[in-house]
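Handing you a structure now.
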Amino acid sequence: MKRTANQSVEVITDILCDACGASVVPDFQKEHHDNLNDFSEYGKLNASYGYGSNHDGDSFHFDLCESCFKELVKKVKSMRASNVQGA
Ligand SMILES: [Zn+2]
């Protein structure tokens, strides 16, 4: 005999870019998966600061679509380029 229970489980149905609001999940992924709990093929920006730093224990998490992530990469590259020139 099997005992059953109706449990509601929270599933991820979409992941939106924190910069532009677009979905970071390709349409075919959404069509072929019941949930996106394991989906990890997108840009993520994480930071956590320990005590004693300027951000004292703060943490940041941003999900980013491909084009916004590309912009971010460009920004980092230009920051690096200007630092190299200034040295
Ligand atoms: Zn975006």
Side-chain angles (χ1 to χ4, degrees):
M1 186 179 99
K2 284 182 179 133
R3 281 186 171 164
T4 62
N6 249 333
Q7 293 185 339
S8 68
V9 177
E10 202 156 278
V11 296
I12 297 167
T13 55
D14 205 355
I15 301 166
L16 303 179
C17 175
D18 284 315
C20 72
S23 178
V24 307
V25 187
D27 285 340
F28 72 91
Q29 291 276 11
K30 284 188 245 188
E31 284 164 22
H32 291 90
H33 292 92
D34 290 337
N35 68 66
L36 297 165
N37 291 12
D38 296 326
F39 186 77
S40 62
E41 295 159 28
Y42 62 99
K44 279 165 266 188
L45 182 65
N46 289 306
S48 53
Y49 295 95
Y51 292 102
S53 70
N54 289 333
H55 289 282
D56 226 12
D58 278 350
S59 69
F60 301 86
H61 175 88
F62 298 105
D63 298 324
L64 296 164
C65 74
E66 206 176 323
S67 65
C68 290
F69 194 81
K70 227 183 253 176
E71 288 299 311
L72 193 67
V73 169
K74 253 192 252 172
K75 176 74 181 162
V76 172
K77 283 180 177 168
S78 78
M79 285 164 76
R80 184 166 61 201
S82 64
N83 282 330
V84 168
Q85 283 162 11

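Counting starts at 1 for both ligands and their atoms, following the listed order. What you are looking at is a predicted structure, and each value in this text was computed from that prediction instead of being measured.
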Minimum side-chain heavy-atom gap Val25-Phe39 below 4.5 Å: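 Result yes, sub-4.5 Å side-chain heavy-atom pair found.
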Verify the neighbour count for atom CG of Asp38: are there more than 12 heavy atoms of other residues, nucleotides or ligands below 6.0 Å?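 12 or below, so no.
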Mind checking how many protein N/O/S atoms fall short of 2.8 Å from the Zn ion (ligand 1)?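 That number is 4, waters not included.
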Taking the side chain as everything from C-beta on, heavy atoms only, tell me whether Ile12 gets closer than 4.5 Å to Asn35.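 No, their side chains stay 4.5 Å or more apart.
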Cationic tip of Lys30 above Phe28 ring, under 6.0 Å, 45° of axis: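 Cation-pi check for Lys30 and Phe28: fails.
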Value rounded to 0.5 Å, distance of CG in Leu72 from NZ in Lys77: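 NZ of Lys77 is found 11.5 Å from CG of Leu72.
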Per-pair distances, 0.1 Å, donor-acceptor, side chain in residues 60-67, under 3.5 Å, sequence neighbours excluded:
| residue | atom | partner | partner atom | Å |
| --- | --- | --- | --- | --- |
| His61 | ND1 | Asn46 | OD1 | 2.4 |
| His61 | NE2 | Asp63 | OD1 | 2.7 |

